[in-house]
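Order of appearance sets the numbers: ligands from 1, and atoms from 1 within every ligand.
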Amino acid sequence: MKTQVAIVGGGPAGLLLSQLLHLSGIDNVVIERRSRDYVLSRIRAGVLESGTVRVLTEAGVGDRVAREGQPHEGVELSWHDERLRIDLEGLTGETVVVYGQTEVTRDLYDAAEARDAIVLHEAAVKRIEGIEGEEPVVVYEKDGAEHRLEARFVAGCDGYHGPARQMIPDGTRREFERAYPFGWLGLLSRTPPAAPELIYATHERGFALCSMRSDTVSRYYIQVPIGEEATDWTADRFWEELKRRIPVDVARSLITDGEVLEMSVAPLRSFVCEPMRHGSLFLAGDAAHIVPPTGAKGLNLAVSDVHYLHQALDLHFNHHTSAGIDGYSAKALSRVWKAERFSWTMTTMLHDFPQYEPFEKRMQKAEFDYLTRSETARRGLAENYIGLPL
Ligand code: FAD
Ligand code: DHB
């Protein structure tokens with residue numbers, strides 16, 4: 001089989017790239033290791049920047065997010081019972097949109113089906129040959145047999161654990177990493193949200209987040225020590241722990257008697273791979289970088305990478321200039337590092353770190369107090385939260 005762009009990974013990055021390339025008349029094939037149902041069952045991000053919504057709309061998959069996504073004009077931070085609203089709209093003129101990653105992926109799958117896109121499922125990429133030349137080959141396994149897909153370019157959209165990044169030679173690839181000594185235990189429930197806006201709650205027992213998917217489905221997270229698994233917890237224990245960490249008023253009115261739809265643990269990590277292009281291989285999304293979820297940036301960064309990569313490939317195939325592909329890595333990384341900084345700052349300010357001494361704890365509280373007193377500080381947070389310009 002032969003195509004113009006082989007896309008490794010059918011998560012949001014790979015599917016969105018496929019859709020945008022299709023609209024530019026560029027042939028592509030997506031190879032995804034899992035089944036469609038498996039990909040759609042992964043509960044992940046929930047907050048979209050308005051720039052992300054614009055890219056989805058450009059890609060022709062913006063109808064449902066426009067109808068069902070909930071614009072949020074603000075978010076709250078809390079420190080025990082002290083509450084601080086960040087007026088995103090008032091400070092920046094923009095909002096964020098609450099719309100689950102699962103829904104984004106579903107919209108992209110529906111669009112792919114409608115245009116008869118080639119998305120190979122349960123097909124695992126083993127290696128990519130010839131990325132230093134102009135005829136790379138993606139070697140994948142499906143139904144027990146090995147297959148080859150020839151392409152002009154390969155897009156590695158295969159997440160943190162995928163093989164694409166490893167194809168960049170050791171001497172060229174640089175990786176920057178910070179692991180955190182905790183994870184987030186998430187619970188999705190058929191219950192109304194705790195509050196109209198998200199609450200990022202700091203407490204000496206650990207961080208907690210009250211989020212939502214709709215008026216009837218809520219998403220909550222609590223910080224747990226690294227190594228802890230969802231099976232170590234019952235829903236009742238989760239609710240009790242959450243209530244201890246969020247403001248008393250919110251805890252008192254929290255509705256917990258609804259079906260628990262999912263519980264899972266996500267580890268927290270900061271990670272960047274440089275460069276994001278080597279020869280005919282490009283990386284986009286979690287394949288190239290991971291942020292801790294505290295700033296709600298992971299999915300949004302995957303979308304901004306894909307936006308840049310689509311522009312670059314469009315210039316190459318339709319306007320015969322290599323300026324876009326030559327500049328892709330530097331352009332994407334410049335935005336990535338700023339989101340890494342923001343996610344790391346939010347994580348550091350809001351979590352309980354076991355190694356922290358009283359000094360660091362006072363620093364965290366001073367940061368919260370500064371935000372409370374300074375509109376300039378709040379504007380800085382808001383500008384990053386709603387998403388830096390594309
Ligand atoms: P992925 O969604 O990881 O997609 C990569 C795809 O590649 C997968 O479908 C995978 O099956 C496929 N693949 C891997 N290897 C191969 C192979 N060899 N061959 C073929 N296909 C392959 N972000 C937030 O903002 N908020 C959150 O709450 C949040 N929670 C998260 C929880 C977890 C457990 C994880 C892992 C991430 C979370 N994120 C969150 C981050 C966000 O979900 C990601 O940034 C986003 O999924 C990135 O999309 P992607 O398409 O780059 O990667
Ligand atoms: C959600 C996840 C996040 O990481 C975040 O910062 C906000 C919301 C969510 O899953 O709803």
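Between the side chain of E76 and the backbone N or O of R83, no donor-acceptor pair lies under 3.5 Å.
The environment of CZ in R362 is sparse: at most 12 heavy-atom neighbours from other residues, nucleotides or ligands sit within 6.0 Å.
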>> Quick one, H80 with E82, criterion side-chain hydrogen bond (donor to acceptor under 3.5 Å, both in side chains). Give me CA distance, side-chain angles, the key distance, then yes/no.
In response: CA-CA 6 Å; H80 290 242; E82 274 181 69; over 6 Å; no
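Under 4.0 Å from ligand 2, the heavy atoms of L209 that appear belong solely to its side chain. Both the backbone and the side chain of A296 come within contact range of ligand 2, each with a heavy atom under 4.0 Å. For R44, every heavy-atom contact with ligand 2 shorter than 4.0 Å involves the backbone, none the side chain. Under 4.0 angstrom from ligand 1, the non-hydrogen atoms of I31 all belong to its backbone. Proximity of K126 to ligand 1, defined as any heavy-atom pair under 4.0 Å, is not found for any part of the residue. When heavy-atom distances to ligand 2 are checked against a 4.0 Å cut-off, W184 comes that close only through its side chain, counted from C-beta outward.
Annotation: R219 places no N or O atom under 3.5 Å from an N or O atom of ligand 2; distance criterion only. At a 3.5 angstrom cut-off on N or O pairs, Y221 counts as close to ligand 1. Residue contacts with ligand 1: A266 is placed with no nitrogen or oxygen under 3.5 Å of a nitrogen or oxygen of the ligand (distance criterion only). For ligand 1, one of its N or O atoms has an N or O atom of D286 under 3.5 Å away. In terms of polar-atom proximity, defined here as any N/O pair under 3.5 Å, Y160 makes no such contact with ligand 1. Looking at ligand 1, you won't find any N or O of G285 less than 3.5 Å from one of its N or O atoms.
Closest to atom 14 (C) of ligand 1 by heavy atom, among V104, L16, D158, V8, is D158. The residue from R33, R42, R44 that puts a heavy atom closest to atom 39 (N) of ligand 1 is R44. Evaluated by nearest non-hydrogen atom to atom 49 (O) of ligand 1, the leading choice among P12, G183, G11 is P12. Nearest to atom 5 (C) of ligand 1 by heavy-atom distance, out of A45, C157, A164, G9, is C157.
Geometrically, R237 engages W233 in a cation-pi contact, judged by NZ or CZ lying under 6.0 Å from the ring centre and within 45° of the ring axis.
A ring-centre distance under 6.0 Å is not found for F176 and F271. Ring centers of H316 and F153: under 6.0 Å apart, within the cut-off. Between F207 and Y221, the distance separating the two ring centers is not shorter than 6.0 angstrom.
Not close to ligand 2: Q101, with no non-hydrogen atom less than 4.0 angstrom away. Ligand 1 lies less than 4.0 angstrom from a heavy atom belonging to A123.
Residue-ligand proximity, Y221 to ligand 2, at heavy-atom distances under 4.0 Å covers atoms 1 (C), 2 (C), 9 (C), 10 (O). Here is the list of ligand 1 atoms found below 4.0 Å of a heavy atom in R34: 11 (O).
Atom-to-atom distance recorded for R205:CZ and L242:CG is 11.5 Å, nearest 0.5 angstrom.
When only modelled atom types and interatomic distance are considered, Y180 and S270 share a side-chain donor-acceptor pair under 3.5 Å. Side-chain N/O atoms of T105 and E103 include no donor and acceptor closer than 3.5 Å.
Classified by interplanar angle (parallel below 30°, tilted 30° to 60°, perpendicular above 60°), the ring pair Y356/F353 is parallel.
The protein atom (non-hydrogen) at minimum distance from atom 51 (O) of ligand 1 is A13 N, 2.9 Å.
R252 pairs by the salt bridge (charged side-chain N to carboxylate O under 4.0 Å, His left out) definition with D249, not counting sequence neighbours.
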